[in-house]
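Note sheet for the following structure.
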There are 2 protein chains.
Amino acid sequence: MASIREIAREAGVSPATVSRAINNNPAVTPAMRSKILSVVNRSRYMPTVSRRETTNIAFAYTGEPSLGSPYDAALMLGMSDRMEQCGFDLMVIDLQRALMPHESYSQLFMRKGIRGCVLRTTTRTRHVCEQIAAEGFASIVLADRFDDAPVSYIYADSKNASRDAVEHLLGLGHRRIAIARNLVDDADHADRFAGYREALAAHNIEYDERLDFRLPASRDGGTQLIRRIAAMPQAPTAAYITDPESAAAAMVEAHRMGWQIPRDLSIVGFDDGELRYLTYPHMTAVCQDAREIGREAFECLQQLIGDTGKHTCIQRSLPTVLAVHGSTAIPRSGGPK
Amino acid sequence: MASIREIAREAGVSPATVSRAINNNPAVTPAMRSKILSVVNRSRYMPTVSRRETTNIAFAYTGEPSLGSPYDAALMLGMSDRMEQCGFDLMVIDLQRALMPHESYSQLFMRKGIRGCVLRTTTRTRHVCEQIAAEGFASIVLADRFDDAPVSYIYADSKNASRDAVEHLLGLGHRRIAIARNLVDDADHADRFAGYREALAAHNIEYDERLDFRLPASRDGGTQLIRRIAAMPQAPTAAYITDPESAAAAMVEAHRMGWQIPRDLSIVGFDDGELRYLTYPHMTAVCQDAREIGREAFECLQQLIGDTGKHTCIQRSLPTVLAVHGSTAIPRSGGPK
DNA sequence: ACAGTTTATGCAACTGTTTCATAAAGCCTA
DNA sequence: TAGGCTTTATGAAACAGTTGCATAAACTGT
């Protein structure tokens, strides 16, 4: 296997010049560089040791990776929008798996040439985010909130838009409004529930736990919701479904039941992409722009990387908005069926 | 700034031992390692030069990145399924942007510690795939086919399933069957069209170019399709829509027109994920399992990385299947309306 | 208890990078 | 065209981190 010294000998230059040529150091003349590179390519040279390139930005999962979800895909897309011009590369890592025994997170990032990381977390692994922030490594958590620890985060606050959503339903005349929320109580779903409670309280409507559904945030959750509503003696006339796929699947299942939406059931869903336009009718939904969150995340990260040693802590809240489409209307007097 | 020799002096060991401890070389005893790491952490040591970690697998775009699309997201998910246990990390790069002047693709990959790459390409940038394969770098192209160049690829051949789809419609009694295909003529869409033609030919039905729609592979394409069909004097009774989002959007638009599916129009869509379960009725579709393609891709790549110098060329074709759901049925005598 | 085996560590050689000195080349002015 | 000044491409040498090999220390099995 060729070494840089052999290349240098063959090209008739010093090892230093070969190193510079390979690393596109502007000090070498174009003629010299192409002479050296031709020798390099001919000899199938491969460097073994080198100055570490630290130009990666990690998209890091602290717990179970949710890679492949439309939300994560949109986040990555947004990040790459902004990374284009900066010469950074995106790397996806699973921290739980990548961390070696006795290794600190900073060491892990160092080892992989990572300059900053966007963290995706779960309720069980929030301490990892705190640990990374405490080590002083440039990091920003998405879609979670840290009120008492100095952890940077970007958070799409869905409480206000959720309240708007329920107000919208109340304004249409609905009084029995169901909420379908995740089995897992993360900050996002807690917000949506809080918005729901606030809107009800503002209209002096008592919270009814029979209208509070805890379901998996998946297609299956939406299907189950409709079946359970169908079996109720006093069915709600509207539902706020706090997960995109659940909401779309609920609409499908409602159609299968022979219900008309919004006549028999008004549905407000949640959307972090464009799913609301793929349902019939188009879905009234609380929307967050995941791509924009990704863009924002990278910009914050860049600032954090710049401010080394300053221990800057960025905590930003982005708005979510209610987009009214065709899945909500005034209730029929009798409710479904 | 501390160097490895200073750490060594402070810990009372040799630089070699420090290096081994930092790199989690199993030769050092746990006691020794934690002693050294405590000195390392105390002194905020940061290595500058190191053995290059070449444990990255790239998800590389030769042309415009389509990051964020459900298909790409599912591919990545599949790849990461298999990468978990191998200690590889996934890196997303845009080759066009990352390549430096006078640099070969192998050099680029070398520089970024990439051992193998999965290539996503466009018709205009296929030559990049050929170039990378010619350089002998471990690479595999997804969703494209190279018949005359020694380029490894994994391809989901949708011709047979497309023929099955049209046969299915013919079997139901349809005779005027539209096809909606992409404006861009890539291998995938060419296959689907070929399957369509074959099925028609087998039943002695003449190809009618008025039933051949070239539309953008997007929501908008599906919407346009339905509007154009609605305006036709002799509308088709069924349509094969070769793109997932177009197909879903077409179903929505059909509902908006007041049509019933499948009564007024049978639709066979395409699905590379789970979208067919989010339409009402569930969509009969030609399905490819993008996640499985991603898994397969990583396994092939692993083999290619293993066979250095052998110039192995893997060309695999995966089947796609027709999944019959509720969006197809026997035609009403009169066609839509 | 002793010979044989294993293994943790250091030495020294090695790889690639970078600073600094320097020779060559360019560039004004006279 | 010469002479001084600046710029710059290159090499020598120092430097950073890694690793093959030798070896001393710690086990292991009679």
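Quick note: numbers below take in every heavy atom, side chains included, and nothing from hydrogens, waters or symmetry partners. Below, chains carry the letters A, B, ... as their sequence lines are ordered, and counting in each starts from 1.
For the ring-ring contact (aromatic ring centres under 6.0 Å, His included) condition, the pairs that include at least one residue of residues 109-130 of chain B, sequence neighbours left out, are Phe109(B)-Phe137(B). Screening residues 296-306 of chain B for salt bridge (charged side-chain N to carboxylate O under 4.0 Å, His left out), with sequence neighbours left out, gives Arg82(B)-Glu299(B), Glu296(B)-Arg316(B). For the salt bridge (charged side-chain N to carboxylate O under 4.0 Å, His left out) condition, the pairs that include at least one residue of residues 145-154 of chain A, sequence neighbours left out, are Arg145(A)-Asp191(A).
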Contact list (N/O, under 3.5 angstrom) for nucleotides 19-25 of chain C vs protein:
residue, atom, partner, partner atom, Å
dT19(C), O4, Arg20(A), NH1, 3.4

Sort me out a list of protein N/O and nucleotides 6-8 of chain C N/O pairs below 3.5 Å, or just none if empty.
residue, atom, partner, partner atom, Å
dA8(C), OP2, Ala27(B), O, 3.2
dA8(C), O5', Ala27(B), O, 3.3

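Rounding to the nearest 0.5 angstrom, the gap separating the SG atom in Cys313(A) from the CD1 atom in Ile140(A) is 8.5 Å.
Going from atom CD1 of Ile7(B) over to atom C1' of dT18(D) covers 16 Å, rounded to whole Å. One atom, CZ of Arg9(B), and another, C1' of dG10(C), lie 17 Å apart when rounded to the nearest Å. Regarding Glu6(A), its CD atom lies at a distance of 8 Å from the P atom of dT15(C), rounded to whole Å. The separation between Arg5(B) atom CZ and dA16(D) atom C1' is 6 Å, rounded to whole Å.
A donor-acceptor pair is defined here as one N or O able to donate and one able to accept, closer than 3.5 Å; such a pair exists between the side chain of Asn56(A) and the backbone of Lys112(A). Between the Tyr155(B) side chain and the Ala187(B) main chain, a donor and an acceptor come within less than 3.5 Å of each other. Not one N or O on the side chain of Ser19(A) forms a donor-acceptor pair closer than 3.5 Å with the backbone of Pro15(A). Within the 3.5 Å criterion, the main-chain N or O of Leu67(B) finds a donor-acceptor partner in the side chain of Tyr61(B). The main-chain N or O of Ile314(A) is found under 3.5 Å from a side-chain atom of Ser152(A) such that the two form a donor-acceptor pair.
With Ile132(B) as the partner, the side chain to side chain contact (heavy atoms under 4.5 Å, CB included) test is satisfied by one option alone out of Leu95(B), Leu108(B), Val141(B): Leu95(B). If you run side chain to side chain contact (heavy atoms under 4.5 Å, CB included) between Ile7(B) and each of Val18(B), Ile22(B), Val13(B), only Val18(B) comes through.
Checking the phosphate oxygens (OP1, OP2) of dG10(C), a side-chain nitrogen or oxygen of Thr17(B) falls inside 4.0 Å.
Contact annotation for Val18(A): no contact, since no heavy-atom pair falls under 4.0 Å across all strands.
Across dT15(C), dA12(D), dA16(D), the shortest atom-to-atom separation from the side chain of Ser3(B) is found for dA16(D).
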Dot-bracket for DNA chain C, 5' to 3', counting Watson-Crick or G-U wobble pairs under 3.5 Å, with [ ] for crossing pairs and | for inter-strand pairs? ||||||||||||||||||||||||||||||
